Chemist: 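For reference, the structure I am asking about is given below.
For this chain, numbers begin at 1 and follow the sequence in order. In this text the structure is predicted, and so the values were computed from the model without any measurement.
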Amino acid sequence: QVQLVESGGGLVQAGGSLRLSCAASGRTFSSYTMGWFRQAPGKEREFVTAISRIDGSTYYGDSVKGRFTISRDNAKNTVYLQMNSLKPEDTAVYYCAAGVGSRYDSSSSYTYWGQGTQVTVSS
């Protein structure tokens, strides 16, 4: 069992930055691929980024490439999402997820989910 707790969300102006954190419980954090997804009101959940459990490779959704960076600290059981050059369309609830599936961009690859943190970008 893994519990995930996100933090760092908030209100920011367009062009600004935020860093989200996701702290995981348990001693097997390094064995999970960690992902971030987001969901805006009235829209489906969208893949944002993931970092592989195997070799640390990173993957990004097209809408965030070049602006967002995922990283993990296995010693601290924490994954981070650095978000720069934020846009109003980045407004959503951001969810952290842990899993072992091979399709990093599919929510079905993730078993454990956090409760989400709200990110609001004003224009």
Side-chain angles (χ1 to χ4, degrees):
Q1 188 77 9
V2 176
Q3 292 185 326
L4 304 173
V5 179
E6 302 100 333
S7 61
L11 174 64
V12 63
Q13 289 188 333
S17 298
L18 280 176
R19 188 175 84 152
L20 305 184
S21 299
C22 173
S25 65
R27 293 177 288 181
T28 59
F29 176 77
S30 62
S31 65
Y32 291 98
T33 288
M34 300 301 297
W36 288 94
F37 289 75
R38 67 186 182 186
Q39 188 165 19
K43 295 188 176 181
E44 293 186 354
R45 188 167 294 188
E46 176 189 15
F47 169 73
V48 177
T49 180
I51 185 164
S52 170
R53 66 189 181 97
I54 297 174
D55 59 5
S57 296
T58 56
Y59 306 86
Y60 296 92
D62 289 340
S63 60
V64 306
K65 280 180 183 176
R67 300 188 298 121
F68 289 12
T69 303
I70 189 171
S71 61
R72 66 190 298 164
D73 185 336
N74 288 337
K76 295 183 178 180
N77 282 10
T78 302
V79 62
Y80 304 97
L81 178 61
Q82 178 66 43
M83 305 186 293
N84 298 327
S85 302
L86 283 161
K87 305 175 181 180
E89 50 264 44
D90 294 318
T91 295
V93 177
Y94 283 71
Y95 297 91
C96 172
V100 297
S102 59
R103 281 201 56 194
Y104 302 125
D105 61 347
S106 173
S107 59
S108 64
S109 290
Y110 299 87
T111 304
Y112 304 103
W113 293 82
Q115 82 288 351
T117 186
Q118 177 71 47
V119 171
T120 302
V121 184
S122 63
S123 58

Chemist: State, yes or no, whether a side-chain contact exists between Trp113 and Ser107 at a heavy-atom distance under 4.5 Å.
Modeler: yes

Chemist: Yes or no on side chain to side chain donor-acceptor pair (under 3.5 Å) for Glu89 and Ser63, after CA distance, side-chain angles and deciding distance?
Modeler: CA-CA 9 Å; Glu89 50 264 44; Ser63 60; over 6 Å; no

Chemist: State, yes or no, whether a side-chain contact exists between Glu6 and Gln115 at a heavy-atom distance under 4.5 Å.
Modeler: yes

Chemist: Do the side chains of Val119 and Met83 get nearer than 4.5 Å, heavy atoms only?
Modeler: yes

Chemist: What's the shortest heavy-atom distance between Ser52 and Arg72, and which atoms?
Modeler: O-NH1, 3.6 Å

Chemist: Does any non-hydrogen side-chain atom of Gln82 lie less than 4.5 Å from one of Ser17?
Modeler: yes

Chemist: Do Asp73 and Thr78 have side-chain N/O donor and acceptor atoms under 3.5 Å apart?
Modeler: no

Chemist: Of Tyr60, Tyr104, Phe37, Tyr95, which is the lone residue that meets ring-ring contact (aromatic ring centres under 6.0 Å, His included) with Phe47?
Modeler: Phe37

Chemist: Minimum heavy-atom separation for Ala98 and Met34, please, with both atom names.
Modeler: CB-SD, 3.5 Å

Chemist: Starting at OG1 of Thr49, measure out to CH2 of Trp36 and round the result to the nearest 0.5 Å.
Modeler: 10.0 Å

Chemist: Can you tell me how far the OG1 atom of Thr111 sits from the CD atom of Gln1, to the nearest 0.5 Å?
Modeler: 10.0 Å

Chemist: Side-chain donor-acceptor pair under 3.5 Å between Arg19 and Thr69, yes or no?
Modeler: no

Chemist: Within the 4.5 Å heavy-atom criterion, are Val100 and Thr33 side-chain neighbours or not?
Modeler: no

Chemist: Which atoms form the tightest heavy-atom contact between Ala40 and Ala92, and what is the distance?
Modeler: N-CB, 3.8 Å

Chemist: Taking the basic N atoms (NZ, or NE/NH1/NH2) and the acidic carboxylate oxygens, is any pair closer than 4.0 Å for Asp90 and Lys87?
Modeler: no

Chemist: Is there a chain of hydrophobic side chains (I, L, V, M, F, W, Y, each step under 4.5 Å between heavy atoms) that links Val48 to Leu20?
Modeler: yes

Chemist: Which atoms form the tightest heavy-atom contact between Tyr110 and Gly99, and what is the distance?
Modeler: CD2-N, 3.6 Å

Chemist: Atom CD of residue position Gln39 - does it have more than 12 heavy atoms of other residues, nucleotides or ligands inside 6.0 Å?
Modeler: yes

Chemist: Using every non-hydrogen atom in the two residues, find where Ser31 and Arg53 come nearest and quote the distance to one decimal.
Modeler: O-CD, 2.9 Å

Chemist: Just one of Ser109, Ser102, Ser108 clears the side chain to side chain donor-acceptor pair (under 3.5 Å) bar with Ser106, so which one?
Modeler: Ser108

Chemist: Where does the angle between the aromatic ring planes of Tyr94 and Phe68 fall among parallel (under 30°), tilted (30 to 60°) and perpendicular (over 60°)?
Modeler: tilted

Chemist: Can you tell me if Thr91 and Gln118 form a side-chain donor-acceptor pair at under 3.5 Å?
Modeler: no

Chemist: Within this structure, what is the CG-CD distance for the pair Asp62 and Glu46, rounded to the nearest 0.5 Å?
Modeler: 9.5 Å

Chemist: Taking C-beta and beyond as the side chain, do Leu18 and Leu86 meet within less than 4.5 Å on heavy atoms?
Modeler: yes

Chemist: Any idea which heavy atoms bring Tyr32 and Tyr112 closest together, and the distance?
Modeler: OH-CE1, 3.7 Å

Chemist: Rounded at 0.5 Å granularity, tell me how far CD1 in Ile70 sits from SG in Cys22.
Modeler: 9.0 Å

Chemist: Hey, does the side chain of Arg45 reach the backbone of Arg38 with a donor-acceptor pair shorter than 3.5 angstrom?
Modeler: no

Chemist: Counting C-beta onward and ignoring hydrogens, is there a side-chain heavy-atom pair between Val79 and Ile51 closer than 4.5 Å?
Modeler: yes

